[in-house]
Amino acid sequence: MLKTAGVILFLGWNSWKDIRKKEISLIITGIFAFLGIMTAFYNRNVTTQYFIPPLVGGGFLGISAVSGNQIGAGDGLLLIALGTVLETEEYLRTICLALIGCGLWAVILLGILRKKKTTELPFVPFVLLGYVGGLLL
């Protein structure tokens, strides 16, 4: 319960920052990642499977670098930090739901509302919705 509340607060704060300022809080993200790592070591949950979610987040960070920051580097850092806290299945479910939600919103913006294809979308709110949606499944 405490983990769930912490993740929702973390994603909620960064969603607000991403929508308003198109950035995330690096300090809070770093603290969140540090606490996730310390909790995993304390609970002795560090197995090879523990490293899969942060590696997926690292993949997003790599895509950000290759694409010239078309995907924000902050999104990749946030996904790495989130990967230190969530279990692999929960993490992948969250990411898949976030990508589906973001894709559907992009279709609405481009197809129905006729926005330009250069319109930027904040990704972190979709991660929050994906996490909460995964809890409800």
Side-chain angles (χ1 to χ4, degrees):
M1 183 69 171
L2 184 61
K3 178 186 92 169
T4 302
V7 170
I8 290 173
L9 285 173
F10 169 69
L11 291 174
W13 174 258
N14 279 310
S15 292
W16 179 81
K17 296 245 331 166
D18 197 15
I19 291 169
R20 297 278 185 220
K21 300 181 180 182
K22 296 183 180 168
E23 63 184 31
I24 64 163
S25 173
L26 293 178
I27 293 171
I28 292 176
T29 302
I31 291 170
F32 189 78
F34 176 77
L35 291 174
I37 292 168
M38 291 297 106
T39 302
F41 278 111
Y42 178 77
N43 293 332
R44 300 177 194 260
N45 289 341
V46 181
T47 63
T48 55
Q49 192 170 4
Y50 176 77
F51 297 100
I52 293 172
L55 286 174
V56 172
F60 275 82
L61 196 59
I63 292 170
S64 172
V66 170
S67 70
N69 231 8
Q70 292 294 317
I71 297 175
D75 294 335
L77 293 173
L78 181 126
L79 292 176
I80 291 170
L82 191 62
T84 64
V85 176
L86 300 182
E87 295 177 17
T88 304
E89 180 181 327
E90 188 177 26
Y91 179 81
L92 293 175
R93 182 177 53 234
T94 299
I95 297 300
C96 286
L97 290 172
L99 290 171
I100 289 169
C102 191
L104 290 173
W105 184 245
V107 167
I108 290 169
L109 287 177
L110 293 173
I112 298 171
L113 301 177
R114 302 285 186 210
K115 295 285 185 175
K116 296 179 182 176
K117 66 180 181 180
T118 57
T119 302
E120 293 182 12
L121 294 175
F123 183 62
V124 181
F126 293 101
V127 177
L128 174 62
L129 291 174
Y131 180 71
V132 172
L135 291 175
L136 298 175
L137 288 179

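The first residue of the sequence shown is numbered 1, and numbering continues consecutively from there.
- Within a 6.0 Å sphere centred on CG of Leu113, other residues, nucleotides and ligands contribute more than 12 heavy atoms.
- By the side chain to side chain contact (heavy atoms under 4.5 Å, CB included) test, Leu110 is found to be paired with Lys117, residues two or more places apart in sequence or in another chain being considered.
- At a threshold of 4.5 Å between side-chain heavy atoms, the hydrophobic network of Ile, Leu, Val, Met, Phe, Trp and Tyr places Ile100 and Leu136 in two separate groups.
- Using a 4.5 Å cut-off between side-chain heavy atoms of Ile, Leu, Val, Met, Phe, Trp and Tyr, with links allowed through other members, Ile80 and Leu26 fall into the same hydrophobic cluster.
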Going by atom type alone, with no hydrogens or angles, which donor-acceptor pairs under 3.5 Å involve a side-chain atom of residues 29-44 and a protein atom two or more places apart or on another chain?
unit_1	atom_1	unit_2	atom_2	d
Thr29	OG1	Ser25	O	2.7
Thr39	OG1	Leu35	O	2.7
Asn43	ND2	Thr39	O	3.4

Let me have the donor-acceptor pairs involving side chains of residues 60-74, under 3.5 Å, with sequence neighbours excluded, atom names and distances please.
unit_1	atom_1	unit_2	atom_2	d
Ser64	OG	Asn69	OD1	2.7
Ser64	OG	Ile71	O	2.6
Ser64	OG	Ala73	N	3.3
Ser67	OG	Ile63	O	2.9
Ser67	OG	Ser64	O	3.4
Ser67	OG	Gln70	N	3.2
Asn69	OD1	Ala73	N	3.3

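- Applying the salt bridge (Lys or Arg N to Asp or Glu O under 4.0 Å) rule to pairs touching residues 9-18 yields Lys17-Glu23, sequence neighbours excluded.
- Residue pairs meeting the ring pair (Phe, Tyr, Trp, His ring centres under 6.0 Å) criterion with at least one member in residues 62-97, sequence neighbours excluded, do not occur.
- Note on Leu129 and Ile19: separate hydrophobic clusters, where clusters join Ile, Leu, Val, Met, Phe, Trp and Tyr whose side-chain heavy atoms are under 4.5 Å apart, directly or indirectly.
- Each salt bridge (Lys or Arg N to Asp or Glu O under 4.0 Å) pair with one or both residues in residues 97-116, not counting sequence neighbours, would appear here, but there are none.
- The two atoms that bring Ala98 and Phe126 nearest to each other are CB-O, 3.3 Å, heavy atoms only.
- Rounded to the nearest 0.5 Å, atoms CZ (Phe123) and CG (Leu78) are 9.0 Å apart.
- Residue Leu97 belongs to a hydrophobic cluster whose other members are Leu137, with links defined by side-chain heavy atoms closer than 4.5 Å.
- In this structure, Val127 and Leu79 have side chains that are in contact, with non-hydrogen atoms separated by less than 4.5 Å.
- Side-chain contact between Ile8 and Leu135: present, with at least one pair of heavy atoms (C-beta onward) separated by less than 4.5 Å.
- With sequence neighbours excluded, the residues satisfying side chain to side chain contact (heavy atoms under 4.5 Å, CB included) with Trp16 are Trp13, Arg20.
- Once rounded to the nearest 0.5 Å, the distance linking CD1 of Ile24 with CG of Leu11 reads 10.0 Å.
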With a cut-off of 3.5 Å and sequence neighbours excluded, list every side-chain donor-acceptor pair involving residues 47-55.
unit_1	atom_1	unit_2	atom_2	d
Thr47	OG1	Gln49	N	3.4
Tyr50	OH	Thr84	O	3.0

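- For Lys3, the side-chain hydrogen bond (donor to acceptor under 3.5 Å, both in side chains) partners two or more places apart in sequence, or in a different chain, are Glu90.
- With rounding to the nearest 0.5 Å, the separation of CG in Leu128 from CG in Asn14 is 10.0 Å.
- For the ring pair (Phe, Tyr, Trp, His ring centres under 6.0 Å) test, no residue two or more places apart in sequence or in another chain qualifies with Tyr131.
- Here salt bridge (Lys or Arg N to Asp or Glu O under 4.0 Å) pairs that include residues 71-89, with residues two or more places apart or in two chains, are Glu89-Arg93.
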